[in-house]
Amino acid sequence: QVQLVESGGGLVQAGGSLRLSCAASRRAFSSYGMGWFRQAPGKEREFVAAISWSGGTTHYADSVKGRFTISMDGAKNTVYLQMDSLKPDDTAVYYCATGRVVVRPTLVDYWGKGTLVTVSS
């Protein structure tokens, strides 16, 4: 099994910033890397960002491109999500993920328990 533990969520005003982190207990066999998803009230879980274990490849949802930055500390199996220029629409529970596919929620192998991000107007 792989355990994922997220941290860094909280309450912030629109335009502010937060930095999320997620530490994996180990790398899953044949996994691509790590990623972030989010789920807002009344909505389905959606992809936010992903990064390969080497840090050489990144992917972002169009809704966060230019505002969020994903990074990887390969030695610690830890992924970070720097969130800038936050909007109320960013309010959601953010979930860390890892596995062979980390851009489609139905294909994720392992999930963290989530950390809540609330952006006030």
Side-chain angles (χ1 to χ4, degrees):
Q1 295 184 354
V2 176
Q3 290 185 318
L4 303 173
V5 181
E6 305 102 329
S7 63
L11 174 65
V12 65
Q13 288 187 278
S17 299
L18 284 173
R19 183 176 173 86
L20 307 182
S21 64
C22 175
S25 61
R26 66 176 180 87
R27 299 187 183 191
F29 181 71
S30 296
S31 59
Y32 164 82
M34 300 180 75
W36 291 95
F37 294 77
R38 66 187 183 186
Q39 188 165 20
K43 294 187 176 182
E44 295 184 345
R45 191 168 299 187
E46 66 175 357
F47 170 74
V48 176
I51 187 168
S52 61
W53 287 114
S54 70
T57 304
T58 59
H59 302 275
Y60 295 94
D62 288 341
S63 60
V64 306
K65 194 172 298 183
R67 299 188 298 120
F68 291 9
T69 303
I70 190 168
S71 60
M72 170 71 70
D73 185 338
K76 297 180 179 179
N77 296 333
T78 299
V79 66
Y80 303 91
L81 186 67
Q82 178 67 43
M83 304 185 294
D84 298 320
S85 301
L86 283 162
K87 305 174 181 179
D89 285 349
D90 295 319
T91 295
V93 176
Y94 284 70
Y95 297 91
C96 179
T98 191
R100 292 165 291 175
V101 179
V102 287
V103 296
R104 299 171 66 181
T106 57
L107 298 177
V108 169
D109 291 326
Y110 301 96
W111 292 100
K113 292 184 177 180
T115 185
L116 178 62
V117 172
T118 302
V119 184
S120 65
S121 59

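All values derive from a computational prediction rather than experimental measurement. Along the sequence shown, residues carry numbers from 1.
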| query | When the ring planes of Phe47 and Phe37 are compared, do they come out parallel, tilted or perpendicular, using 30° and 60° as the limits? | reply | perpendicular
| task | Flag yes if Leu86 and Leu11 sit in one hydrophobic cluster, no otherwise; membership is Ile, Leu, Val, Met, Phe, Trp, Tyr, and two members link when side-chain heavy atoms are under 4.5 Å apart. | result | no
| query | Taking a hydrophobic cluster as the set of Ile, Leu, Val, Met, Phe, Trp and Tyr residues connected by side-chain heavy atoms closer than 4.5 Å, whether directly or through intermediates, do Met72 and Val103 fall within one such cluster? | reply | no
| Do Leu4 and Tyr95 come close enough that some side-chain heavy atom pair is under 4.5 Å? | no
| task | Please list, chain by chain and in numerical order, all residues satisfying side-chain contact (heavy atoms from CB on, under 4.5 Å) with Val117, sequence neighbours excluded. | result | Leu18, Leu20, Met83, Tyr94, Val119
| In chain order, what residues pass the side-chain hydrogen bond (donor to acceptor under 3.5 Å, both in side chains) check against Gln82, with sequence neighbours excluded? | Asp84
| Any Phe29 side-chain heavy atom under 4.5 Å of Asp109 side chain | no
| Under 4.5 Å between any side-chain heavy atoms of Val102 and Trp36, yes or no? | no
| field | Cluster overlap Phe68 with Tyr80, hydrophobic side-chain contacts below 4.5 Å | value | no
| task | Would you check if Tyr110 and Gln3 make a side-chain contact, meaning some heavy-atom pair closer than 4.5 Å? | result | no
| request: Could you name each residue pair satisfying salt bridge (charged side-chain N to carboxylate O under 4.0 Å, His left out) that touches residues 25-43, not counting sequence neighbours? | output: Arg38-Glu46, Arg38-Asp90
| message | If we check side chain to side chain contact (heavy atoms under 4.5 Å, CB included) with Cys22, which of these qualifies: Val79, Leu81, Thr98? | response | Val79
| message | Tell me whether the count of non-hydrogen atoms from other residues, nucleotides or ligands lying under 6.0 Å of CZ in Arg19 goes above 12. | response | yes
| message | Do Thr69 and Tyr60 have side chains that approach each other closer than 4.5 Å (heavy atoms only, starting at C-beta)? | response | yes
| request: May I ask whether Val48 and Ile70 are part of the same hydrophobic cluster, defined by side-chain heavy atoms of I, L, V, M, F, W, Y residues being less than 4.5 angstrom apart, directly or through others? | output: yes
| query | For Ser52, does its backbone N or O pair with a side-chain atom of Thr57 as donor and acceptor, under 3.5 Å? | reply | no
| field | Nearest heavy atoms of Met34 and Cys96, plus distance in Å | value | CE-SG, 3.5 Å
| field | Minimum heavy-atom distance between Ser17 and Ser85, given as atom pair plus value | value | OG-N, 4.3 Å
| Ala92 backbone acceptor or donor facing Gln39 side chain under 3.5 Å | no
| message | Are Tyr32 and Val2 connected into the same hydrophobic cluster when the rule is that any two of I, L, V, M, F, W, Y join if their side-chain heavy atoms are below 4.5 Å apart? | response | no
